[in-house]
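Here, residue 1 is the first one in the sequence, and each next residue gets the next number. Predicted model only: the values in this text are computed from it and were never measured.
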Amino acid sequence: MRPHLRPIHVFMLRLSVLCALLLSLAPLTAFAVPPVGFREDWPGTSLQDWGGGSLYDNPGTGGTGGAGDGYLLVYTPSPYHLGTVNLGPPYLGNWLAAGVQVLKVSLNDVGTAEPLAIHFLIANQFTIWQYNPVFVPPQNQWAEFTVDLTASTHWTRLIGTSTYLETLANVDRVHFRHDLSPYIHVPDAIKADFGIDRLIVTTFATPARTTTWGRIKRLYRD
């Protein structure tokens, strides 16, 4: 007599559903997005998923680490919107729940001196907030600038209806761009270039750890 297989099928189906549920929940409980301590260094000549409407390059040298250290070069050969955006991991998610308070970034006015006014933005498909303090990179030198995510009064909403905290809890892109006051959705045009390197996501109390996106992906696979 052939064995009755229905109970086995039911058990296996329930087991597979349970495993899928646990796998889907594991990243949410094990990892905050973005992770405190994450650091973007643009190794080699990679653009690290940064893009947008300007032109981009990574010379593979001349970053904050000097010779052999890459960085993201953002430029416009004629007057246009100067900036770059990243819509991918690890910047997506609830920054409030992750406990992120500070974003540090090194900037460089590469080549000829230009009247740059660089801002950092957080956004999702509905709302965009821009950090009011202006970052003016020094000519042909790297300088570190700090974005205070806890200072909600230092931000301007460009479009949308979500509050600053609501947007910080639902980020799907981060953005650097040149813009002059008054701050509106469409930024000012400029012919210029600047470099970005050593972007660090951290807190006021916690020193930044070197945790790259490549390392995070390996943790997900392990």
Is there a donor-acceptor contact under 3.5 Å from the side chain of [X] to the main chain of [Y]?
X      : Y      : value
Tyr56  : Gly51  : yes
Thr167 : Thr163 : yes
Asp109 : Glu114 : yes
Asn140 : Gly111 : yes
Asp41  : Pro43  : no
Asp193 : Leu73  : no
Asn58  : Tyr71  : yes
Asp49  : Gly88  : no

Under 30°, 30 to 60°, or over 60°: which ring-plane class applies to Tyr91 and Trp50, parallel, tilted or perpendicular?
->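 Ring orientation, 0 to 90° scale: perpendicular.
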
Same apolar cluster (I L V M F W Y, side chains within < 4.5 Å links), [X]/[Y]:
X      : Y      : result
Val201 : Leu165 : yes
Ile128 : Val171 : no
Val85  : Leu158 : no
Tyr75  : Trp142 : yes

Any side-chain heavy atom of [X] within less than 4.5 Å of one from [Y]?
X      : Y      : result
Val147 : Trp155 : yes
Val136 : Val134 : yes
His81  : Val186 : yes
Lys104 : Arg198 : no
Leu82  : Leu116 : yes

Approximate separation, where rounding is to 0.5 Å, of [X] [atom1] and [Y] [atom2]:
X      : Y      : atom1 : atom2 : result
Gln101 : Leu96  : CD    : CG    : 10.5 Å
Leu92  : Leu87  : CG    : CG    : 7.5 Å
Ser78  : Tyr80  : OG    : OH    : 9.5 Å
Asn108 : Thr64  : CG    : OG1   : 10.0 Å
Gln139 : Thr112 : CD    : OG1   : 7.0 Å
Ile190 : Thr76  : CD1   : OG1   : 7.0 Å

For the pair Val105 and Phe176, evaluate side chain to side chain contact (heavy atoms under 4.5 Å, CB included) and give the outcome as yes or no after the intermediate values.
-> CA-CA 10 Å; Val105 64; Phe176 290 95; 3.9 Å; yes

Residue pair [X] / [Y]: nearest heavy atoms and the distance that separates them:
X      : Y      : answer
Leu103 : Leu199 : CD1-CD2, 3.9 Å
Arg177 : Ile184 : NH2-O, 2.9 Å
Asp148 : Tyr131 : N-OH, 3.2 Å
Thr203 : Gly99  : CG2-O, 3.2 Å
His119 : Asp179 : NE2-O, 3.1 Å
Thr84  : His175 : O-CD2, 2.8 Å

Using ring-ring contact (aromatic ring centres under 6.0 Å, His included) as the criterion, point out the one residue from Trp95, Tyr164, Tyr183 that pairs with Trp129.
->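 Answer after filtering Trp95, Tyr164, Tyr183: Tyr164.
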
May I have the step-by-step check of side chain to side chain contact (heavy atoms under 4.5 Å, CB included) for Val74 and Leu72, ending in yes or no?
-> CA-CA 6 Å; Val74 184; Leu72 180 65; 4.1 Å; yes

Do His178 and Phe194 have ring centroids that are under 6.0 Å from one another?
->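 For Phe194 and His178, the ring centres are not under 6.0 Å apart.
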
Quick one: are the ring centres of Phe135 and Phe120 less than 6.0 Å apart?
->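 Aromatic pair excluded; centres sit 6.0 Å or further apart.
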
Would Ile196 and Leu107 satisfy side chain to side chain contact (heavy atoms under 4.5 Å, CB included), going step by step from the backbone distance to the final call?
-> CA-CA 5 Å; Ile196 303 177; Leu107 303 174; 3.8 Å; yes

Among side-chain atoms of Ser106 and Asp197, is any donor-acceptor pair under 3.5 angstrom?
->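 Their side chains do not contain a donor-acceptor pair, so the 3.5 Å distance test is not met.
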
